[in-house]
Number of protein chains: 2
Amino acid sequence: MGDVSVAKNWRLPVMGDVARLAGVSHMTVSRVLNEPDSVRPETRERVLLAIEQLGYRRNSAARSLVTRRSQTLGVVCFDTTHHGPASMLNGIVHATEEAGYAVSVASLRRLTADAATQAVQRLVHQSVEGLVLIAPQAVEAMAFVRALPTTLAVVAVENALPTVTSVSVDQVLGARLATEHLLSLGHETVHHVRGPADWSEANGRVEGWMTALEANGRPVPRELAGDWSAASGYAAGRKLARDPRVTAVFAANDSMALGVLRALLEAGVRVPEDVSVVGFDDFPEAAYVTPPLTTVSQPFREVGRQSIEILLGEVEGGAARGASAVIPPELVVRASTAARRR
Amino acid sequence: MGDVSVAKNWRLPVMGDVARLAGVSHMTVSRVLNEPDSVRPETRERVLLAIEQLGYRRNSAARSLVTRRSQTLGVVCFDTTHHGPASMLNGIVHATEEAGYAVSVASLRRLTADAATQAVQRLVHQSVEGLVLIAPQAVEAMAFVRALPTTLAVVAVENALPTVTSVSVDQVLGARLATEHLLSLGHETVHHVRGPADWSEANGRVEGWMTALEANGRPVPRELAGDWSAASGYAAGRKLARDPRVTAVFAANDSMALGVLRALLEAGVRVPEDVSVVGFDDFPEAAYVTPPLTTVSQPFREVGRQSIEILLGEVEGGAARGASAVIPPELVVRASTAARRR
DNA sequence: GCTGCCTCTGATAGCGCTAACATACCATCC
DNA sequence: GGATGGTATGTTAGCGCTATCAGAGGCAGC
């Protein structure tokens with residue numbers, strides 16, 4: 001590590017400084033850094049020593065100016081304070097770093113086409129080489145994707161945009177697992193508290209739930225609308241609690257499931273004795289709520305990993321669009337579900 | 001918006017292209033972009049029109065190469081899948097974007113000096129102009145901060161590093177509020193489930209709790225160790241449940257509080273009738289767990305905003321180190337606490 | 001010994017932008 | 001009318017790197 005103490009007008013060492021110290025030309029330094037094998041071992045050692053002594057690091061701006069590569073990926077996301085999106089972002093950041101790329105994050109404040117376009121523009125302007133979209137599929141809001149430079153590699157997460165490669169958890173399967181689990185416990189049918197209609201996750205879960213009911217010839221009750229929040233789950237739960245025919249509820253995420261649990265409890269409905277409840281996400285506290293929540297676990301890390309893998313395939317491999325990936329979730333059975341008794 | 005359809009070997013428009021189209025020199029284009037008032041309105045309009053027609057955007061690499069400014073801030077964080085860190089990151093990203101800077105994120109995989117140094121190096125290498133550290137204060141692991149280029153502006157969040165400006169929530173105050181709330185309900189003393197010792201948040205909360213007990217002349221029970229997870233809270237809760245003298249518990253975060261709740265419930269201890277429990281964080285589900293959790297709400301957004309404000313003050317204002325800020329949290333009373341009865 | 005052909009290193013020219021200075025032009029003043 | 005000055009624009013020289021080609025040196029072959 002070079003000398004870090006610093007005079008007022010210090011200049012970071014540049015390639016020329018290293019070259020002078022090593023007694024070579026700056027081109028040789030560049031070669032040591034870019035294609036070490038093309039330099040005689042002896043020379044290479046001298047250069048590496050000089051680099052070490054000066055604490056030299058290449059200037060990335062200069063480098064990307066000439067190579068036209070920024071070694072940066074952009075992530076567009078929305079509200080990452082909740083467990084699902086946060087984990088997804090986390091997975092993506094880790095995978096990106098592992099691949100030696102930097103991550104630039106743009107977070108949408110509102111789900112409008114305008115906000116999305118601006119975010120993408122900002123990232124494009126930063127010369128990102130690829131883009132990960134974790135924002136929900138407000139179809140209209142996402143039309144902007146067509147305005148993207150066609151050279152830019154894009155992967156959408158949980159977002160089946162027609163023209164874009166996507167990586168997603170198999171929401172339909174997850175919902176089927178949840179619903180079938182409840183049916184297998186002897187429940188006549190399953191009620192559903194759904195997520196917002198402009199999230200494809202929400203729609204996938206509705207689809208899986210319906211499919212499972214229909215495949216088993218069960219009546220499909222009217223779904224209740226939620227907005228992912230525990231408060232909306234609570235509101236839905238109050239309605240469900242009033243209907244004595246309800247014995248099984250599948251909430252589209254754990255927060256809403258928690259709200260349902262709360263509402264049922266307050267109404268004197270016992271879980272799982274009277275009503276069974278299943279969530280979705282398997283957030284870290286799911287095993288410790290009362291009662292411990294049966295839910296569907298999403299492999300967020302894996303989604304992050306695969307998105308980046310595909311994205312970098314496009315970035316480095318050329319224009320070819322990678323194949324979309326779908327990753328299966330898993331049902332985790334805990335204590336909020338039981339055989340029908342009511 | 002210029003023509004986006006693209007031939008195979010398209011070259012993005014550069015300043016010279018705009019200049020040619022507008023019939024000026026590239027310097028005038030640069031001026032229109034950087035100091036519009038120095039250009040005659042008539043000329044300016046011509047240039048702006050040309051920019052629009054070509055869909056021109058300045059090349060940020062070239063720009064930052066010559067200005068030595070990247071308009072990018074770096075964030076070092078650790079495990080942002082939980083509500084607290086995720087919200088903090090979110091607040092910081094929003095504030096940074098609002099200020100017109102890009103955000104580059106580096107996420108630590110492990111809390112070691114090595115990982116931290118590498119993360120910082122990566123960001124420095126990306127020429128970030130300032131650094132926000134949201135990583136916990138593993139004092140030893142953070143020694144690397146001294147190795148930072150002294151020219152780099154740094155703000156630590158929740159991390160009282162001696163030589164670095166910091167922004168934090170007043171953990172001591174929050175813990176005092178929680179503890180005093182419990183004492184005011186008639187509890188003789190309050191037991192504490194603490195967070196890991198290498199997190200300054202955890203230590204601040206221990207301090208506030210102790211201070212409150214001592215100020216009121218109460219015995220200070222031995223604290224129980226936790227690791228922020230609900231599982232560790234559960235383990236602590238089982239111990240607490242065995243001790244009939246325990247009537248009030250302050251857990252250092254909501255997850256652990258949830259674990260405590262669960263353990264007490266399983267042991268047949270009623271909350272809040274037999275034992276009162278307070279958490280910390282006010283995570284979004286806190287109002288819907290059973291019973292709704294009394295907790296301390298942290299102003300994450302505000303912390304993000306202030307960190308960036310201070311950081312940009314340093315970045316743009318020169319070398320002067322900004323004053324550290326401490327933001328007060330608030331007690332939110334719900335149903336997990338009640339007057340002593342046991 | 002000269003040619004040919006490797007391997008390694010150096011000189012040079014940009015990448016696209018801004019900083020700094022140069023110039024043209026017009027208005028102003030004595 | 002020429003010196004003065006202010007304003008709008010142009011010219012030039014880099015920022016720190018990589019790409020490209022040129023050159024130096026070594027070694028084989030005839």
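For B/T43, the listed nucleotide lying nearest its side chain is D/dT9; candidates were D/dT9, C/dC17, D/dT20. Taking every side-chain heavy atom of A/R68 into account, C/dC15 is the closest of D/dG16, D/dT18, C/dC15. Of all nucleotides listed (D/dG10, C/dG10, D/dC17), C/dG10 comes nearest to the side chain of A/M27. For A/N34, the side-chain atoms get nearest to D/dT18 when compared with the rest of D/dT18, D/dT12, D/dC15. In the set C/dC15, C/dT18, D/dT18, the nucleotide with an atom closest to the side chain of B/M15 is C/dT18. With C/dG10, D/dT18, D/dG14 as the choices, the nucleotide that has an atom nearest any side-chain atom of A/S25 turns out to be C/dG10.
A donor-acceptor pair is defined here as one N or O able to donate and one able to accept, closer than 3.5 Å; no such pair exists between the side chain of B/S70 and the backbone of B/S64. Using a distance-only test at 3.5 Å, with no hydrogens or angles considered, no donor-acceptor pair links the side chain of A/R305 to the main chain of A/I92.
Using modelled atom types and a 3.5 Å distance limit, the side chains of B/Q71 and B/R63 yield no donor-acceptor pair. Under the 3.5 Å distance criterion, with hydrogens and angles disregarded, a donor-acceptor pair is assigned to the side chains of B/H94 and B/R301. For the residue pair A/Q126/A/S104, the side-chain donor-acceptor check at 3.5 Å is satisfied.
Distances shown here put a side-chain N or O of B/R63 below 4.0 Å from the OP1 or OP2 atom of C/dT18. Proximity of B/S30 to the phosphate of C/dT18: a side-chain N or O atom is located under 4.0 Å from OP1 or OP2.
Within the nucleic acid shown, B/T28 comes within 4.0 Å of sugar-phosphate atoms alone, with no base atom in reach, counting heavy atoms only.
Side chain A/R31 to base C/dG10: a donor-acceptor pair is found below 3.5 Å.
Between B/L12 atom CG and C/dC15 atom P there is a gap of 14 Å when expressed in whole angstrom units. Computed from coordinates, the B/L65 CG to D/dT18 C1' distance equals 12 Å when rounded to whole Å. In this entry the distance linking CD of A/E35 with C1' of D/dT18 reads 10 Å, nearest Å. Taking atom CZ of residue B/R46 and atom C1' of nucleotide D/dA8, one finds them 12 Å apart after rounding to whole Å. Remark: P of D/dC15 and CZ of B/R69 are 19 Å apart, rounded to the nearest angstrom. Rounded to whole angstrom, the span from the CG atom of B/D37 across to the C1' atom of D/dG6 amounts to 16 Å. A/H26 has its NE2 atom 9 Å from the P atom of C/dA11, to the nearest Å. Rounded to a whole Å, the CZ atom of A/R40 is 8 Å from the P atom of C/dC8.
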